[in-house]
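Notes follow once the structure below has been shown.
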Amino acid sequence: MIITAATDSLQLSPDWDRPAPGPIQELAQYPVALIGDAQSRMGLMHAAIRPVTPGLRLAGTVLPIQTREGDNLAIHRALDDARPGDVLVINANSDTNRACFGDILGELCIARGIAGVVIDGATRDVAELQAMGLPTFARGISPAGPFKYGPGTLGAPVACGNVVCHPGDAILGDSDGIVVVPKHLITATLEKTRAQDNAEAAMRAKIPALVH
Ligand SMILES: O=C([O-])CC(=O)C(=O)O
Ligand SMILES: [Mg+2]
């Protein structure tokens, strides 16, 4: 950690297997809405979780973090063990009055190859996050900074935007919002998404004939 703080209030989990990146990168070619349709319109986060770095798409695998609202010790500690392609998925108890994330953590994420950040809570420093190109989604934005005392959990499933997120699940984001694909369903969802895309292309092809 780049901060000096006791971490005995944090609960750590054993490491987990990450799914192969190929199918997730392929899923990332499709809109979040279409992926959601392919999984029966389930696994989509609450509409309050919005992009705060417009235009930056997100695709990677879930690294779940639970932190007390207004505190980010757990996020600092999580970055010690994070792997390239991980997405920080943070349950900050939906609190939007105090940010738990910002540009210094953002720079650490970039250095570690983190694919993006999704926060059921608030961030700050959004201009800097946009400039560094870190896809960031959050329930809110606040200039108020966080404390660093814990408690928190790392690597245990968390709720984020009403969706239960397990370590290693695929997570994708675009200007519409966020979808989570359970790890064991990534390949099946990719196939269904392709089929849904073909079905929509067939519908679009009929449109010109309707114009007189
Ligand atoms: O102060 C904090 O811990 C949050 C923040 O703004 C940063 O990481 O830059
Ligand atoms: Mg900052």
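What you see below is based on every heavy atom in this structure, not just the backbone, and it leaves out hydrogens, waters and symmetry mates. For ligands, and for the atoms within them, numbers begin at 1 and follow the listed sequence.
Residue E200 places its CD atom among more than 12 non-hydrogen atoms of other residues, nucleotides or ligands, all under 6.0 Å distant. Atom CG of D17 is surrounded by 12 or fewer heavy atoms from other residues, nucleotides or ligands within 6.0 Å.
Residue-level check: among N/O/S atoms of D125, OD2 sits closest to the Mg ion (ligand 2). Summary: OD1 is the N/O/S atom of D103 found nearest to the Mg ion (ligand 2).
Hydrophobic clustering (ILVMFWY, side-chain heavy atoms < 4.5 Å, transitive): V163 and F137 are in one cluster.
In terms of heavy-atom proximity, A59 sits nearest to V87 at C-CG2, 4.4 Å. Nearest heavy-atom pair across C165 and V89 is SG-CG1, 3.9 Å.
Among the atoms of N72, some N or O lies under 3.5 angstrom from an N or O of ligand 1. When only interatomic distances are considered, the shortest N/O to N/O separation between P146 and ligand 1 does not fall below 3.5 Å.
Contacts of A99 with ligand 1, taken as heavy-atom pairs under 4.0 Å, are absent altogether.
Taking a cut-off of under 4.0 Å to the non-hydrogen atoms of I104, the atoms of ligand 1 that pass are 7 (C), 8 (O), 9 (O). Near D125, meaning under 4.0 Å from one of its heavy atoms, ligand 1 places the atoms 5 (C), 6 (O), 7 (C), 9 (O). Using a 4.0 Å cut-off to heavy atoms of K148, the atoms of ligand 1 that qualify are 1 (O), 2 (C), 3 (O).
Among the backbone and side-chain atoms of E128, none of the N, O or S atoms lies under 2.8 Å from the Mg ion (ligand 2).
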